[in-house]
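A quick write-up on the structure given underneath.
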Amino acid sequence: MAKSKKPSKATNFFSDVHEVARLIPRGRATSYGAIAAYLGAKMSARMVGWAMNAAHGDHSIPAHRVVNRAGLLTGKHHFATPAEMQRRLEQEGISVKKDKIQNFEKIFWDPAKELI
DNA sequence: GGTCTGACCGGCG
DNA sequence: ACGCCGGCCAGAC
């Protein structure tokens with residue numbers, strides 16, 4: 001029961017988001033809402049994106065594999081270069097057209113389904 | 001210590 | 001069919 005509360009200020013939410021994002025397999029992509037729902041806060045999808053902001057500097061977190069539900073690279077502007085996000089996705093075999101992932105539902109990776 | 005914003009989502013007119 | 005608005009949680013000033 002008493003799980004040792006993390007002395008750290010970092011909330012589990014951020015850590016969780018970072019961890020899930022890191023579990024995203026190569027060549028796949030997921031949405032902020034999917035991660036939020038997996039964490040039990042589908043209504044707080046905004047925070048997921050915000051958590052990604054904290055992921056900056058941590059190259060272990062493939063934030064480029066996280067897009068909005070429409071498959072649009074909404075957060076590409078937050079990368080070192082807006083083209084880097086698309087380039088990374090294409091490098092993994094994901095087709096991106098006009099900042100939008102093609103066959104998004106096909107490569108969609110749902111943590112709640114893939115992860116138990 | 002209070003206020004605002006933020007890489008979203010879903011519903012309504 | 002399209003556009004607008006509110007809601008949610010947490011961090012930063």
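Numbered from 1 within each chain, the chains take letters A, B, ... in sequence-line order.
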Separation of C:dG11 P from A:H78 NE2 (nearest whole Å): 17 Å

A:D99 side chain reached by A:L72 side chain, heavy atoms, under 4.5 Å: no

Criterion side-chain contact (heavy atoms from CB on, under 4.5 Å) on A:D58 and A:H18, from CA distance to verdict: CA-CA 9 Å; A:D58 198 325; A:H18 294 165; over 6 Å; no

Heavy-atom neighbours of A:E19 CD exceed 12 at 6.0 Å: no

Boundaries of the chain A footprint along DNA chain B (any atom under 4.0 Å from a heavy atom): B:dG6 to B:dG10

Short side-chain to backbone donor-acceptor contact, A:R65 and A:I24, under 3.5 Å: yes

Stem segments of DNA chain B by first residue number [Watson-Crick or G-U, under 3.5 Å, at least 3]: B:2-6 with C:9-13, B:8-13 with C:2-7

Separation of atom CE in A:M52 from atom P in C:dG11, rounded to whole Å: 15 Å

Touch class at under 4.0 angstrom, heavy-atom based, for A:N53 against every strand present: base

For the student: nearest non-hydrogen atoms of A:I101 and A:A29, plus distance: CD1-CB, 3.9 Å

Touch class at under 4.0 angstrom, heavy-atom based, for A:H64 against every strand present: nothing

Steps toward side-chain contact (heavy atoms from CB on, under 4.5 Å) verdict (A:L73, A:V67): CA-CA 5 Å; A:L73 284 60; A:V67 295; 4.2 Å; yes

Test item: A:D110 and A:Y38 side chains (from C-beta on) under 4.5 Å apart, heavy atoms: no

Set out, line by line, the N/O atom pairs under 3.5 Å between protein and nucleotides 1-7 of chain C.
residue : atom : partner : partner atom : Å
C:dG7   : O6   : A:R46   : NH1          : 3.2

Selection: residues 92-113 of chain A, any non-hydrogen atom under 4.0 Å of DNA chain B: none

Heavy-atom check, side chain of A:S31 versus side chain of A:V66, under 4.5 Å: no

Polar side chain donor-acceptor pair, A:H64 to A:E92, under 3.5 angstrom: yes

Partners passing side chain to side chain contact (heavy atoms under 4.5 Å, CB included) against A:R46 (at least two apart in sequence or in another chain): none

Min side-chain heavy-atom separation A:W50-A:V17 under 4.5 Å: no

Partner residues of A:N53 under the side-chain hydrogen bond (donor to acceptor under 3.5 Å, both in side chains) criterion, sequence neighbours left out: none

Side chain A:N103, main chain A:K106, donor-acceptor under 3.5 Å: no

